[in-house]
Amino acid sequence: MKKKLMHYLLVALAITSSLFLTGCAVKRQPAQILLRSSPWHFSQGSALSTLSAEKPAGTFKAPSDSSSFTIKMKVTFKSDIISRTLLDIPGVLNVKTFQHDVKDRKRQNYPVFSRPDGSVPVLEAALRLHSPTEPKGPQDMPIGIPLAMLEKFEGEHEIILHFSGVRWALYVDNELLDNDFPLGYPKWGKQSSWKIDPEIVSKAEIFFPGIEPQQIVLKKPRVSNEIQYWTPQGHNTWVGDVATFYHQGRYHLFYLFDRRGHASKFGKGAHYFEHISTTDFKTWTEHEAATPIEEQWETFGTGTPFIFNNKLSLSYGLHTTRIYPKEQTSLPLQWDFYDKHGVTGSFRYDTIPRYPAGSTYSVSEDGISHFKKTKILFHPCENPSVYTDPEGRLRMLANYGAKGTWESKSINGGWKSVNPNFPPGGDCTFFFRWGNYDYVIGGFTGFWSKPASADEDQFVDGVKAGLDFYNGMNVPAVTEIKDGRFLLAGWIPMAGWGGALTIHEMIQFPDGRIGTKWMEEIIPATEKERLLAKEIYETSAFATGAPSFLLTFDVEPGTDLTGKIGPLLLGADGENHACEVQIRPKAGKAQYGKGQLQNFANVEKSLREGGSPSGARNYAIENLTNTDKPFLVRMIVKYDAKFGGSLIDTEIAGQRTMIAFRPELKVEKILLRSEGTGIENIRIAALKY
């Protein structure tokens, strides 16, 4: 009886501290992001050529120095839209509508918006580009939208296509809805012909040079609710690698903006750092891009924010070798300098004849945003992780194209190798010190730690011991904020090299081991919760009532090491895309597995055992803590049509988290079952947004 009473007291305290109370609880307010998004304005100009319903075809002579152009179109869409060519410039541009495969989410993710009948009509503009770097010859670069994303599908719309040489963009009714980053230029004939479909297009104008769009400043900014599991506005926009920093009371989060899951710029990625920040974690501000793409050769890789000369700076890599052979870039020049002098040089990349590649950085002009590129190459590594260590030394962990730990008195070159074999290269390693321990974590697999007082060759491989804290996040970034708290931020893979942003809080045990838990300030807002059952005595099924929800329950471990629980998340198609969240309390293991109606899921592997947490699908974690006594489990299931499935975020005993993404799963029912382990106080609350 006393044991049971103590159990309920512990559970009550856990629920109170995590703010998950019943209907009388204080309602959780959502975090909000103040967006920079706004309409765009294209000024009037003198068109080189104009077509109309009365004159649906014509010719024009493009200027010989034309590096940009703009096309304006007045288009009327009807409900019975079928495959039509709206505008055609032979050998240059084709604008069309067509019905897209409702199951095909590759590249453009068009099925995120469908019509009431389930169809996915699409508007797409394909521009043919000629580039000497492409051995395949001329290639079509399509940009487009699912037409169902328009607020009023039927009726007249203004469509603007703008090619600046750096961007190829689609605007509808003054809103930027899709863009890509060109390699090459269109080839205009001595005399170009063009035509429109007069049944759909009432007017078309072409302008040389292009009309540069001007952003309209809104008196009241647009807002996006919730930062947890956030993606940028758009049907094909995702969060890529994340880099974070805490400076003067502000948490900065830089992320590689991704369209098309790395397929932009003909598969070269065309990533660049966007920037959001917050001072209270409830209100976030979207700033202008920290490293905008301004040249055709630019596509950026991961780096880190840091302070140098009392200025907020951001290092990043130029991944130019994705576009040009290494021999045509600045990398041989940089390595030659290092081989001769034993330290790296400093090169202004706008003064050398080769295409820039390697490490560079930008500097904030106001200590918050307004970053300006220095155009200084300071190291040939293409993913620089620059930081100032607790001893005040400017250091860098080299990734992609180099390896080891480097040190310099200045960010602008003079870098020498101080530990050539650690870390051993790979992707996106980050250093942090927490109390008496130093840590280095890699983007997907590597994790090392040591006492801060130990020599630098004393790092111990935490993955081999099964003591890592990988939880489904890709390229996790670690930052200390106020009150000695540490945050872990990364992205969950949904579309190639991109997905949803996720932030968890970290915890540290006395022996230096790291765990993770939810960050209370950014847990998504919920509707009123309801009790599903006080206790489960046999396998029980419950309707969720909503596809996005928070589920909480208490676990009473049994005495059997093989005892387990397995909440099974089911959609309308039963087992086909089902996911089981299995926890074995006494064994200290948890996993995501393929759900089965009649049996528990098969055993999955941890990272130490060869599993892949970074895949965020089926995997296991091990060495759970405090699961040998009663503990609380919290699960958030977030379904979004843009995701094309459900993100599942599980917190176990407030000390370990694990995240998975399940394509095509839209949860309708939960099946709760256990074997030698008790499940009590099962509660559910729909997510508000």
Side-chain angles (χ1 to χ4, degrees), residues 30-37 105-114 143 145-146 148-149 175-180 221-244 253-264 269-278 281 284-287 289-290 302 472-477 488-504 519 522-525 547-548 614 616 636-649 659-666 687-689:
Q32 290 191 326
I33 309 174
L34 306 180
L35 302 172
R36 292 191 73 246
S37 167
R105 288 180 173 267
K106 294 178 182 177
R107 290 180 60 88
Q108 286 291 73
N109 199 32
Y110 287 141
V112 62
F113 291 100
S114 61
I143 51 177
I145 61 167
M149 76 184 296
E175 299 286 348
L176 173 61
L177 298 184
D178 194 21
N179 72 328
D180 204 336
R222 293 172 174 172
V223 173
S224 176
N225 283 313
E226 306 295 11
I227 187 69
Q228 192 70 298
Y229 322 127
W230 179 77
T231 61
Q233 283 187 309
H235 62 287
N236 60 1
T237 50
W238 308 99
V239 172
D241 292 359
V242 169
T244 57
L253 191 149
F254 303 88
Y255 68 93
L256 291 183
F257 181 90
D258 177 272
R259 282 194 193 267
R260 287 172 273 275
H262 208 292
S264 289
H271 294 128
Y272 62 95
F273 270 116
E274 286 283 3
H275 177 204
I276 58 178
S277 73
T278 182
F281 295 95
W284 296 68
T285 300
E286 186 175 45
H287 304 285
T302 312
M473 290 188 197
N474 281 232
V475 193
L488 181 75
W491 55 279
I492 305 303
M494 294 176 172
W497 207 264
L501 171 68
T502 308
I503 303 171
H504 283 177
M519 186 182 187
I522 61 172
I523 294 174
S548 298
S614 65
I636 288 178
V637 176
K638 170 74 173 181
Y639 173 82
D640 194 305
K642 180 177 180 178
F643 298 171
S646 294
L647 183 150
I648 307 164
D649 187 353
I659 314 164
F661 172 62
R662 316 305 286 205
E664 299 188 60
L665 174 61
K666 186 176 184 179
L687 298 191
K688 189 169 287 187
Y689 301 100

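Because the structure is predicted, anything quoted here is derived from the model rather than measured. All residue numbers in this chain count up from 1 along the given sequence.
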So, for [X] and [Y], which heavy atoms are closest and what is the spacing to 0.1 Å?
X: Val637; Y: Pro547; result: CG1-O, 3.7 Å
X: Gly472; Y: Pro493; result: O-CD, 4.0 Å
X: Ile522; Y: Gln228; result: O-CB, 3.5 Å
X: Lys642; Y: Val112; result: CA-CG2, 3.1 Å
X: Ala31; Y: Trp284; result: CB-NE1, 4.2 Å
X: Thr244; Y: Ala489; result: CG2-CB, 4.0 Å

Which of parallel (below 30°), tilted (30 to 60°) and perpendicular (above 60°) describes Tyr255 and Phe257?
tilted
Taking the inter-plane angle between the rings of Trp497 and Trp491 on a 0 to 90° scale, is it parallel (under 30°), tilted (30 to 60°) or perpendicular (over 60°)?
tilted
Asp241 side chain to Leu256 main-chain N or O, any donor-acceptor pair under 3.5 Å?
no
Is the side chain of Ser264 donor-acceptor paired with the backbone N or O of Arg259 at a distance under 3.5 Å, no angle test?
yes
Qualifying residues under side chain to side chain contact (heavy atoms under 4.5 Å, CB included), relative to [X], sequence neighbours excluded:
X: Pro30; result: Asn225, Glu226, Ala525, Tyr689
X: Ser548; result: Lys638, Tyr639, Leu687
X: Ala495; result: Trp238

For His504 and Met519, what are the C-alpha separation, side-chain angles and deciding distance, and is it a side-chain contact (heavy atoms from CB on, under 4.5 Å)?
CA-CA 5 Å; His504 283 177; Met519 186 182 187; over 6 Å; no
Spatial distance of atom CD1 (Ile276) from atom CD1 (Ile227) [nearest 0.5 Å]:
3.5 Å
Can you measure from CE (Met473) to CG (Asp649) and round to the nearest 0.5 angstrom?
7.5 Å
Side chain proximity check, Ser224 to Gln233, heavy atoms < 4.5 angstrom
no
Non-hydrogen side-chain atoms of Asn236 and Arg107 separated by less than 4.5 Å:
no
